[in-house]
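Proteins get letters first, then strands, A, B, ... in listed order; numbering begins at 1 in each. Computed from a predicted structure; not experimentally measured.
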Amino acid sequence: MIFFSNPTYSYFKVPVIKKEYGAISNIEFCPVDPHSFAVTNSSRVQVYSPKSLQIIKTISRFKEVAHCGSFRDDGRLLVAGGDEGVVRLFDWDKNSLLRVFKGHIGSVHVTRFLRDRVRIFSGSDDNSISVWDIPSEKEVISYREHEDYVRCGVSSSASSDIILTGSYDHTVKMYDTRAPDSVMTVRHGHPVESVLMFPNGGIFLSAGGNVVKVWDALGGGRLLTTLYGHHKTVTCLNFCSNYQRLLTGSVDRHVKIYDVSTYQMVHTLDIPGSVLSAAVSPDDSLLVVGTVEGLLSIQKRKVPEDLVRKRKKGPSFTYSLKGKTYTPHKSDHVVEHKRREQLTKYDKFFRKFNYSRALDASLDIRVRSMHPEVTVSVIQELIKRDGIRSALAGRDEKSLTIIVRFIQKNIGNPRLMPILVDVTNLLLEIYSCQIGHCSAVDTILLKLKETVDQEIMYMKQFMELMGSMDTVFAAVSQLDTPTHDNSDSTTVISQSTLLPSKDALAAS
Amino acid sequence: MATSTVAPFSISENGELAIYSSPDGILKLWDTTTGALKQEYTPSSHLSATCSCLSWGPKRNLETPRKKKKKKSLGGVKQLAEFDMVAVGTTAGNILLYSIVQGDIQSILDGGHSDVVNDTCWCPDDTLISCSSDQHIVHWDVSSAKVKHKWKADTRSIHSVCLCSNNHLLSAGRSIKLWNLQTYQVLKKFTGHSSEIFKLLPLPLSADMSDSVEGSYFLTAALSDRLVNAWTVDTSSKDKSAVASFSLPEEPVMLDVGSNAKDSQVLLLAVVTRGGQVLVFEHTPNGKLKKPVHPKVTIQVATSGENDSVPHPIQILAAHVCDDSKNILLIHGNYLKPTFEKIKYDNSNSNVCLLREDPRLSSIENQASISRIKTPNVSKDLTVLAPAVMVPTEPSEGTTAKRLKRKTSVTDMNMEERLNAISIESTDSVKEPPKADTLVRLLAQGLQSGDKKILNSVLGKSSISDLVMRNTVKKLPVHAVLPLVKELITRMQGHAQHGLVIVRWIKTVLTVHTSFLITNSDIVENLGLLYQMMDSRTTMFTKLSHLQGKLDLMLSQVVSQEEKEDSTEGDQRPLLMYQEDSSESDGDLTMDDILPDHSDAEVDDTDIFGSDTEGATDLNMQDKDEEMESD
């Protein structure tokens with residue numbers, strides 16, 4: 001059952017409200033079971049258990065306000081930035097600080113792992129973006145293209161080199177860590193508060209001001225649509241229901257849910273505070289919303305059994321069977337109602353082994369125009385009985401014309417095609433030397449040829465289309481099963497396809 | 001005899017003088033030849049009782065013995081004295097006799113009417129007849145200013161009176177009555193108008209004013225009636241209806257008639273319509289006419305529309321046929337400063353439009369410089385306030401009605417024309433296709449509503465270019481992509497000839513919206529079904545290709561054979577034989593089924609027999625017999 005398909009139905013139980021010390025700037029679920037979630041507020045990152053909704057770990061190694069506590073996709077490491085300007089890497093389970101990345105001058109608001117798990121990128125209020133290597137604790141590359149604070153960013157889960165960042169300079173930039181400059185820039189029009197990218201990298205979204213914009217990355221940064229659901233600044237974006245729904249939170253105290261197939265709003269939730277962060281657990285069981293005031297609202301989803309309404313029982317089946325189950329007594333005289341079996345014309349001829357006549361009967365105008373499948377099944381029967389050759393052979397001009405016209409009309413039907421092709425082959429073999437003697441048959445054969453030509457062309461088109469669809473399916477299968485392992489062999493789409501080519505960029 | 005008495009505007013019979021009473025009761029006299037304002041007079045009662053009708057007294061010769069009122073006239077204004085007396089009917093019910101020579105009221109006929117005086121009419125014997133809304137007609141003795149006779153003529157108000165001979169009077173209100181002036185008895189009644197008649201006009205045929213009333217003609221115009229009727233007086237017949245009628249596009253406000261000098265039988269009728277046009281009819285009164293007479297000439301006045309201004313019509317206030325029907329005097333503009341213009345009557349051009357300056361642009365102040373104005377006792381500080389355009393009134397209203405200025409010529413059309421215009425416009429607009437200029441919009445609409453017709457018009461178009469298709473798909477809103485893909489998938493299942501375009505569409509959608517599609521598992525499911533369908537269809541590809549090759553080869557033989565046959569035409573016709581052959585194998589069917597191996601040989605045999613016509617037919621006959629038996 002798809003989450004939030006009914007706009008009026010309440011999907012959640014009464015929320016559990018928790019009061020934190022400061023504004024809750026980030027909530028993130030651990031990608032692996034049991035999907036614990038990290039809540040970043042004031043100078044700590046707290047990890048909650050999804051079952052008990054209690055804090056299981058608190059990371060408080062920050063001197064100032066912490067930002068963006070983010071899990072690695074294997075769920076073992078956690079990275080967080082802060083107002084001190086350093087990026088810290090933790091083994092959150094053991095509560096140990098593993099690495100400290102120093103280099104930013106301003107506070108670091110965004111820290112994420114890249115897909116290859118050995119690198120981290122961070123965005124800072126000094127307008128810079130840095131990529132760090134975890135083992136060596138060194139900066140790999142740094143970009144200084146934004147002209148204002150970098151406050152949000154994501155890394156692509158399709159490619160380990162793609163980073164998307166949004167800044168208060170109203171732009172969203174895409175970087176390839178192999179390239180020295182950004183590869184794509186789109187103008188959002190407002191200070192960008194949040195960005196989000198589909199796992200296959202085809203579409204990304206940006207939130208800022210009261211609008212959310214949807215961009216086509218493969219189309220060279222084309223604006224697909226704009227969502228005007230909120231009336232105040234949209235602060236967070238997230239996916240739920242296996243990337244079929246989009247979650248947006250805003251300071252107007254609403255969380256709205258959109259259907260990504262149409263980008264129409266399907267559900268709205270009221271939150272008792274200005275929403276700063278919101279997330280739904282990967283199994284859709286939990287919705288966590290954090291507000292500016294430091295309230296953490298955790299809502300558990302109603303079990304699916306509750307959602308299924310009990311169906312009313314219809315009228316009893318036994319009632320309708322009344323009288324039909326009556327068993328006669330021994331003394332009763334039972335009069336059997338005999339129904340004579342009516343045979344169709346071609347069946348009669350089949351009985352007499354008069355195959356030619358049977359074929360004629362099946363080619364009756366009513367049968368062949370209304371139920372061509374009947375005619376074809378008669379032909380099939382003739383083939384089975386090995387009588388098709390004799391049935392077809394020795395026909396006069398008129399009946400031959402009828403047969404050929406029937407074939408011409410129905411050879412395009414994929415269900416009838418295999419048999420009709422065989423019949424045509426046979427027909428041509430039998431009448432090969434008579435072709436060219438009768439103009440009526442010739443014209444209809446020419447027509448047949450035309451139809452076959454068209455069909456062949458159609459099939460060629462199909463094959464081309466199937467080729468392109470293969471690519472699409474491959475991308476989708478990647479979407480359905482986000483890769484947790486490191487092997488790149490499963491991704492059919494090469495990483496270069498997902499990257500917008502330089503030509504496309506130039507064209508746009 | 002006065003020419004017109006519709007409301008407060010009147011032109012003397014010779015067309016030289018025009019008198020007008022403004023809504024505030026001030027009389028104005030113009031010389032029509034120069035257009036100059038000659039006199040202006042404010043009666044003492046002008047505020048309490050405004051003028052309701054004006055009528056010129058009969059032509060007086062100073063040398064005639066009856067010139068009592070010309071006592072004070074000066075020798076220098078002899079000519080003017082010809083038309084001296086003007087009877088001014090007031091809303092209070094009295095009649096003022098205004099002398100132009102004196103420039104003052106000569107006498108007041110009082111005590112006759114209790115309501116508005118609607119019309120007055122001079123008799124040759126120096127008497128005056130007036131009719132009023134109080135349903136009475138009064139016969140006045142002018143010299144003594146006394147009532148000669150007063151009688152109740154109708155049960156409703158009477159709007160018009162006129163003399164049709166020296167002893168006979170016509171009165172018109174709801175109905176038309178012919179009176180004997182000696183006995184004051186009704187001689188005859190006429191019926192014909194459905195509404196109130198506001199104007200009676202005797203034809204000048206009867207201008208000689210003989211005592212006989214028979215055979216004289218008169219015209220009537222009624223309120224909101226688009227017909228002017230002509231009647232003949234025939235006391236002996238019982239026919240009460242009109243002898244002729246003149247159709248107008250609009251209701252008339254003023255009539256004038258004149259006869260042609262050369263051919264006195266032909267009458268020239270000028271009708272001023274409410275819209276400010278003048279329609280001129282030519283008519284010879286000669287018995288009854290079944291069909292209404294249509295106007296010969298239509299005269300309009302409009303501004304020229306120079307300097308990028310929109311041309312708008314100028315109201316014609318009155319018209320007068322003068323100089324034995326050679327000329328027509330037009331008064332147009334507004335009553336504050338009317339323009340007098342004589343145009344030559346020419347019946348060759350049926351529609352005359354005169355371009356004149358806008359009267360509203362020229363200032364009113366110019367009039368002050370006219371020397372011959374008799375200045376009334378009006379303060380100079382007063383500003384004259386009047387509407388820009390005024391029209392003569394209907395009798396029921398009594399005073400001058402204001403009309404809003406017309407901006408477009410559309411309002412000048414009558415209802416019939418307007419309806420026509422509307423219907424034409426509407427048919428035009430129906431023919432014009434709705435503005436759905438882009439394929440994108442059409443497609444989005446079609447997908448939204450599921451309208452097959454719209455979708456067919458977009459998706460069924462086989463001649464669509466790749467670029468157009470690509471742009472269409474590109475501009476399609478995101479929420480329409482999903483329905484489009486679903487629609488295309490359903491359309492794919494059809495025949496190849498329709499499918500070819502659909503395949504192109506799907507390809508375009510796939511290339512343009514790749515990223516959108518791959519984020520959408522719902523669409524992917526649909527595409528999966530499509531993929532299976534295509535997969536199953538393409539399994540036949542190799543077989544079908546074989547067939548294509550075979551057909552190609554054979555039909556190329558056909559072409560070559562046809563060429564050959566063309567060269568040796570009429571040589572042989574073995575076609576018949578082949579057919580007979582085929583029926584032979586038909587007959588052998590039962591045998592073939594039992595011995596299937598034999599059937600091949602049988603077919604081969606027919607091929608061999610193909611060359612030998614006679615043998616084949618023989619065999620054929622036998623087979624047929626066999627078949628009969630087996631059946």
**Student:** To check you understand the geometry: which heavy-atom pair defines the closest contact between A:Gly202 and B:Ser515, and what is its length?
**Tutor:**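 What the structure gives for the nearest pair is O-CB, 3.1 Å.
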**Student:** Taking the side chain as every heavy atom from C-beta outward, state whether B:His513 and A:Arg222 have any atom pair closer than 4.5 Å.
**Tutor:**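 They are in side-chain contact.
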**Student:** If I take atom OG1 from residue A:Thr424 and atom NE2 from residue B:His546, how far apart are they, to the nearest 0.5 angstrom?
**Tutor:**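 With rounding to 0.5 Å, OG1 (A:Thr424) is 14.0 Å from NE2 (B:His546).
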**Student:** Can you tell if the side chain of A:Leu428 reaches within under 4.5 Å of the side chain of B:Leu547, non-hydrogen atoms only?
**Tutor:**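 Yes, side chains in contact.
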**Student:** Is the count of non-hydrogen atoms from other residues, nucleotides or ligands lying under 6.0 Å from A:Gln264 atom CD greater than 12?
**Tutor:**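 More than 12 heavy atoms, drawn from other residues, nucleotides or ligands, come within 6.0 Å of this atom.
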**Student:** What part of A:Gln461 gets within 4.5 angstrom of chain B, counting heavy atoms only: side chain, backbone, both, or neither?
**Tutor:**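 Both backbone and side chain.
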**Student:** Look up atom OG in B:Ser536 and atom CZ in A:Phe462, then write down how far apart they are to the nearest 0.5 Å.
**Tutor:**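 Rounded to the nearest 0.5 Å, the OG-CZ separation comes out at 9.0 Å.
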**Student:** A:Asp259 versus chain B, heavy atoms under 4.5 Å apart: side chain, backbone, both or neither?
**Tutor:**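 Contact with chain B involves no heavy atom of A:Asp259 at all.
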**Student:** Sort out for me which of A:Thr225, A:Val452, A:Ile456, A:Val421 touches chain B most, counting heavy-atom pairs under 4.5 Å.
**Tutor:**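 Most pairs with chain B among the choices: A:Ile456.
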**Student:** What I'd like to find out is whether the side chain of B:Phe516 reaches to under 4.5 Å of the side chain of A:Ile203, using heavy atoms alone.
**Tutor:**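 When only atoms from C-beta onward are counted, A:Ile203 and B:Phe516 do touch, with a gap below 4.5 Å.
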**Student:** I'd like to check A:Glu429 versus B:Lys550 (side-chain heavy atoms, cut-off strictly below 4.5 Å). Are they in contact?
**Tutor:**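 Of all side-chain heavy-atom pairs linking B:Lys550 with A:Glu429, none is under 4.5 Å.
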**Student:** Report, by ascending residue number, the residues of residues 475-484 of chain B in heavy-atom contact with chain A at a distance under 4.5 Å; give 'none' if the set is empty.
**Tutor:**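 The list, in residue order, reads B:Val478, B:His479, B:Leu482.
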**Student:** Can you tell me how far CG of A:Asp442 sits from CG of B:Leu555, rounded to the nearest 0.5 angstrom?
**Tutor:**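 Going from CG on B:Leu555 over to CG on A:Asp442, the span is 7.0 Å.
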**Student:** Given a strict heavy-atom distance threshold of 4.5 Å, which part of B:Leu510 is in contact with chain A: side chain, backbone, both, or neither?
**Tutor:**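 For B:Leu510, the contact with chain A is made by the side chain alone.
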**Student:** At a 4.5 Å cut-off on heavy atoms, which part of A:Tyr263 comes close to chain B: side chain, backbone, both, or neither?
**Tutor:**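 Interface part for A:Tyr263: side chain.
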**Student:** Are A:Met469 and B:Leu530 side-chain neighbours, meaning at least one heavy-atom pair lies under 4.5 Å?
**Tutor:**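 In short, these two side chains touch, coming nearer than 4.5 Å.
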**Student:** Side chain, backbone, both or neither: which part of A:Lys409 has a non-hydrogen atom closer than 4.5 Å to chain B?
**Tutor:**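 The backbone, not the side chain.
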**Student:** Quick check for you: among A:Ile411, A:Leu448, A:Leu465, A:Val260, which has the greatest number of heavy-atom pairs under 4.5 Å with chain B?
**Tutor:**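 Of A:Ile411, A:Leu448, A:Leu465, A:Val260, A:Leu465 has the most heavy-atom pairs under 4.5 Å with chain B.
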**Student:** Would you mind reporting whether B:Gln548 and A:Glu455 have side-chain heavy atoms less than 4.5 Å apart?
**Tutor:**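 No. Closest side-chain heavy atoms not under 4.5 Å.
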**Student:** Hey, which residues of residues 465-472 of chain B are touching chain A, say heavy atoms under 4.5 Å apart?
**Tutor:**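 Interface residues of residues 465-472 of chain B: none, nothing closer than 4.5 Å to chain A.
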**Student:** I need the residue from B:Thr539, B:Asp535, B:Val503, B:Val512 with the largest number of non-hydrogen atom pairs under 4.5 Å to chain A.
**Tutor:**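 Among the listed options, the one with the most contacts to chain A is B:Val503.
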**Student:** Rounded to the nearest 0.5 Å, how far apart are OG1 of B:Thr542 and CE of A:Met459?
**Tutor:**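 One finds 9.0 Å between OG1 of B:Thr542 and CE of A:Met459.
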**Student:** Under a 3.5 Å distance rule, please check whether B:Arg537 uses its side chain to pair with a backbone N or O of A:Tyr458 as donor and acceptor.
**Tutor:**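 Side chain of B:Arg537 to backbone of A:Tyr458: no pair is present.
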**Student:** For B:Met554 and A:Lys449, run side chain to side chain contact (heavy atoms under 4.5 Å, CB included): C-alpha distance rounded to whole Å, both residues' side-chain angles, the deciding distance at 0.1 Å, then the answer.
**Tutor:** CA-CA 10 Å; B:Met554 288 192 163; A:Lys449 182 180 170 287; over 6 Å; no
